[in-house]
Number of protein chains: 2
Amino acid sequence: MTNNEPYYEDEAVQLYNGDALDVMVELARQEIKVDAVVTDPPYSSGGNMRSDKMKDVLTKYSQSGTIRSYGTFEGDHRDQRSYFAWSHLWLSLARQITKPSGDLFAFIDWRQLPTLSDAVQSAGWLWQGVGVWSKGYGRPNKGRFSAGHELVIHATNGPKEQKELYAPSVFTCPIEHDKIHLSQKPLGVVDWCLQLVEKETLILEPFSGSGTTLVAAKASGRRAIGIEADPQWLETIAERCQETLRLF
Amino acid sequence: MTNNEPYYEDEAVQLYNGDALDVMVELARQEIKVDAVVTDPPYSSGGNMRSDKMKDVLTKYSQSGTIRSYGTFEGDHRDQRSYFAWSHLWLSLARQITKPSGDLFAFIDWRQLPTLSDAVQSAGWLWQGVGVWSKGYGRPNKGRFSAGHELVIHATNGPKEQKELYAPSVFTCPIEHDKIHLSQKPLGVVDWCLQLVEKETLILEPFSGSGTTLVAAKASGRRAIGIEADPQWLETIAERCQETLRLF
DNA sequence: GCCGAGAATGAATCCATCC
DNA sequence: AGGATGGATTCATTCTCGG
């Protein structure tokens, strides 16, 4: 991370500025352990995830040489492979700082679900299911299904403890119209995932974006560690967290 | 196919008895071309352990204590590699007998979606999207998402023609309580897929099961070719088709 | 015909036990 | 790195049936 101090901190939230991989390496070094990872990673439209850029990252972080070569049959082959490799990296680091049997929730669209679910499993997580966030309405698409939902991969770090927690697999919640971030999820969508995570736990969100996961964690009496690489979002996240009351 | 004659035939439906691959080879030889493939193949899912996967479908997909009994079906015990290879085979044959820009709809669960979407693409189809059939409720699952939805892969045989057809990506429809086949889909679910297929077209269902796809096709003024390997289902399918009025 | 109580149901999973 | 079998468990929703 650019430095080891949080950019923002309150009684429930720590927000770090820096690349997700860098900060997670530091968190691992400090032997910090979280109960769950709830995150909305870049879906990779391809533009900012090119393989030449990836080469640096892979050289820097390739640890155990476990990055397997892989290709789907879709789109630009190189972009798919580098998305897989990069996903494998952050998922492996995230698992290192997650307690045994802790949960992972990673949002993704249908196009990247196979690549991300492969990366989740190759990083050592046990895939437990897929949830559907139905937006209730989607942009119509000539001759195709409308774009009316997103998916979330659920996995655990090793065998699941039996917990008396339940959540429906399909959750309907309209998009917020006053959202400030392109891929911002409604609070309700994060709360839905947190139904499967016990109260008073510590949540990690390596791609904080507008900070929705951190706000949902704090508002539900949990604590959260957030990471965001883009400085333009830091102040927004800090403000949203500060405005949030921590309820138990 | 066991022979080249349909087991059943009416003004809208042809039903063949035989292995899907064998019959499709014969259809290809006859240069028959369909407008769309709408199918519900065996999922080969269920069970993280091999011993669970090998069980009869009625054992592995239902709970003990259930009184109702369905007819069983075969071909649901493949491991990942052979499931991919077998899926590639039937999808390649299905594409051979589909018109250019014709549609494919294949139902699958979350566990097998990555494998089946790989097979769809390796067989030459263009992946166009994923639809979600929400059952409205799901079997509760401790610490996991409930089992409340199934997915359907949409693909086309080559680039899409622009068609003025639309369908939502999430479709909510309860399970039919008087179903006779373990994996029987409600008619409404097939109709939802057929929203993206023009009227008066010819539909192929290589894994007819209880015949729902054939009934939905006939009832909506389309024609259909059905294939079913298991003789125990043939008479049921024929009866359901015969009872169906063809409406335009 | 309406309502409420009780029973049945679900494209599973985990685990003990036996061979 | 055994493989197969069967029983217990989970609860929201729907169905059945009697009052």
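Chain letters run A, B, ... following the sequence lines, proteins first, then strands; residues in each count from 1. The figures here come from the full heavy-atom set of this structure, side chains too, leaving out hydrogens, waters and symmetry mates. Note that the coordinates shown come from a computational prediction; the quantities given were computed from them, not determined experimentally.
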Next item on the list: Begin with the C-alpha distance, continue with both residues' side-chain angles, and end with the deciding distance and a verdict on side-chain contact (heavy atoms from CB on, under 4.5 Å) for B:L116 and B:F84.
Entry: CA-CA 7 Å; B:L116 191 62; B:F84 174 85; over 6 Å; no
Let's see if you can work this out: which of [options] has an atom nearest to the side-chain heavy atoms of [X]?
X: B:R139; options: C:dA12, D:dC11, C:dA11; answer: C:dA12
X: B:R111; options: C:dA11, C:dT13, D:dT14; answer: C:dT13
X: B:Y137; options: C:dG10, D:dC11, C:dA11; answer: C:dG10
X: B:Y61; options: C:dG10, C:dT13, C:dA11; answer: C:dA11
X: B:H177; options: D:dT10, C:dC14, C:dT9; answer: C:dT9

Checklist line | Name of the residue among A:W192, A:F107, A:W133 meeting ring-ring contact (aromatic ring centres under 6.0 Å, His included) with A:F171 | finding: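 Only match with A:F171 under ring-ring contact (aromatic ring centres under 6.0 Å, His included): A:W192.
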Next item on the list: Pick out which of A:L202, A:V197, A:D35 makes a side-chain contact (heavy atoms from CB on, under 4.5 Å) with A:R222.
Entry: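 Result: among A:L202, A:V197, A:D35, A:V197 is the only option passing the side-chain contact (heavy atoms from CB on, under 4.5 Å) with A:R222.
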Specify the separation, in whole Å, of atom [atom1] of [X] and atom [atom2] of [N].
X: B:F107; N: C:dA11; atom1: CZ; atom2: C1'; result: 12 Å
X: B:L182; N: C:dG10; atom1: CG; atom2: C1'; result: 9 Å
X: B:D56; N: C:dA12; atom1: CG; atom2: P; result: 14 Å
X: B:D109; N: C:dG10; atom1: CG; atom2: P; result: 17 Å
X: B:K53; N: C:dC14; atom1: NZ; atom2: C1'; result: 16 Å
X: B:Q112; N: C:dA12; atom1: CD; atom2: P; result: 12 Å
X: B:K60; N: C:dT13; atom1: NZ; atom2: P; result: 10 Å
X: A:E164; N: D:dC11; atom1: CD; atom2: P; result: 6 Å

Please tabulate, one pair per line, each protein N/O and nucleotide N/O from nucleotides 3-6 of chain D that are separated by under 3.5 Å, including the distance.
unit_1	atom_1	unit_2	atom_2	d
D:dG6	N7	B:K55	NZ	3.4
D:dG6	O6	B:K55	NZ	3.0

Check: With distance as the sole criterion, is a donor-acceptor pair present between the side chains of B:N141 and B:S146 under 3.5 Å?
Finding: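 Distance-only check fails for B:N141 and B:S146.
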Checklist line | Aromatic B:Y166 / basic A:K142 pairing, under 6.0 angstrom, 45° off normal | finding: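 Not satisfied by the 6.0 Å and 45° rule.
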Next item on the list: Could you tell me whether A:R111 sits above the aromatic face of B:W127, with NZ or CZ closer than 6.0 angstrom to the six-membered ring centre and within 45 degrees of the axis?
Entry: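 Checked: cation-pi criterion not met.
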Next item on the list: Could you pick out which residue, B:P140 or B:E176, lies toward the 5' side of DNA chain D when each is mapped onto its nearest nucleotide?
Entry: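 Residue closer to the 5' terminus by nearest nucleotide: B:P140.
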Next item on the list: With sequence neighbours left out, write down each residue that passes ring pair (Phe, Tyr, Trp, His ring centres under 6.0 Å) with B:H154, or none if nothing qualifies.
Entry: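 Listed in chain order: A:F145, B:F105.
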For [X], answer base if it contacts any base atom (sugar-phosphate contacts may also be present), sugar-phosphate if it contacts only those atoms, and nothing otherwise; contact means non-hydrogen atoms under 4.0 Å.
X: A:Y166; answer: sugar-phosphate
X: B:N141; answer: nothing
X: B:S183; answer: base
X: B:K142; answer: sugar-phosphate
X: A:P159; answer: nothing

Margin query: Taking the ring centre of each residue, are B:F207 and B:W86 less than 6.0 Å apart?
Written below: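 Yes - the distance between ring centres of B:F207 and B:W86 falls below the 6.0 Å cut-off.
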Note to self: For B:W233 and B:H181, I'd like to know if the aromatic rings sit close, meaning centre-to-centre distance below 6.0 Å.
What the structure shows: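 Judged by ring-centre distance (under 6.0 Å), B:W233 and B:H181 do meet the cut-off.
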Note to self: Please confirm whether the shortest side-chain N or O distance from B:K179 to OP1 or OP2 of C:dA11 is below 4.0 Å.
What the structure shows: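 Result: yes.
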Next item on the list: Just jot down the salt bridge (Lys or Arg N to Asp or Glu O under 4.0 Å) partners of B:D103, sequence neighbours excluded, or say none.
Entry: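 Listed in chain order: B:K160, B:K163.
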Next item on the list: Starting from Watson-Crick (N1-N3 plus N6-O4 or O6-N4) and G-U wobble pairs under 3.5 Å, report the runs of at least three that DNA chain D belongs to.
Entry: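 DNA chain D stems, ordered by first number: C:2-10 with D:11-19, C:12-19 with D:2-9.
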Next item on the list: Specify the residues of residues 188-197 of chain A, ordered by number, for which at least one heavy atom lies under 4.0 angstrom from an atom of DNA chain C.
Entry: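 Under 4.0 Å from DNA chain C: no residue of residues 188-197 of chain A.
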Margin query: Is it the case that over 12 heavy atoms from other parts of the model lie below 6.0 angstrom from the CD atom of B:E74?
Written below: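 Check fails, neighbour count at 12 or below.
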Notebook entry, point to check: If you count the non-hydrogen atoms of other residues, nucleotides and ligands that lie under 6.0 Å from CD in B:Q232, is the total more than 12?
Noted result: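 Buried by this count: over 12 neighbours within 6.0 Å.
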Check: In residues 145-155 of chain B, which ones come under 4.0 Å of DNA chain D, going by heavy atoms?
Finding: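 Here the set is empty: none.
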Checklist line | Contact summary for B:H77 and B:S44, nearest pair of heavy atoms | finding: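 In this case the closest contact between B:H77 and B:S44 is N-OG, 3.5 Å.
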Check: Got a salt bridge between B:R246 and B:D10, using NZ or NE/NH1/NH2 to carboxylate O under 4.0 Å?
Finding: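 Salt bridge absent between B:R246 and B:D10.
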Checklist line | Atom P, compared across D:dA8 and C:dA11: separation rounded to whole Å | finding: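 Rounded to whole Å, the distance is 22 Å.
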Checklist line | Interatomic distance, B:K179 atom NZ to B:H177 atom NE2 [nearest 0.5 angstrom] | finding: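 B:K179 NZ to B:H177 NE2: 9.5 Å, rounded to 0.5 Å.
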Next item on the list: Please step through side-chain contact (heavy atoms from CB on, under 4.5 Å) for the pair B:T213 and B:D40, ending with a clear verdict.
Entry: CA-CA 9 Å; B:T213 300; B:D40 195 13; 5.8 Å; no
Note to self: Quick check on DNA chain C: between A:K160 and B:Y43, whose nearest nucleotide comes earlier from the 5' end?
What the structure shows: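 The answer here is B:Y43.
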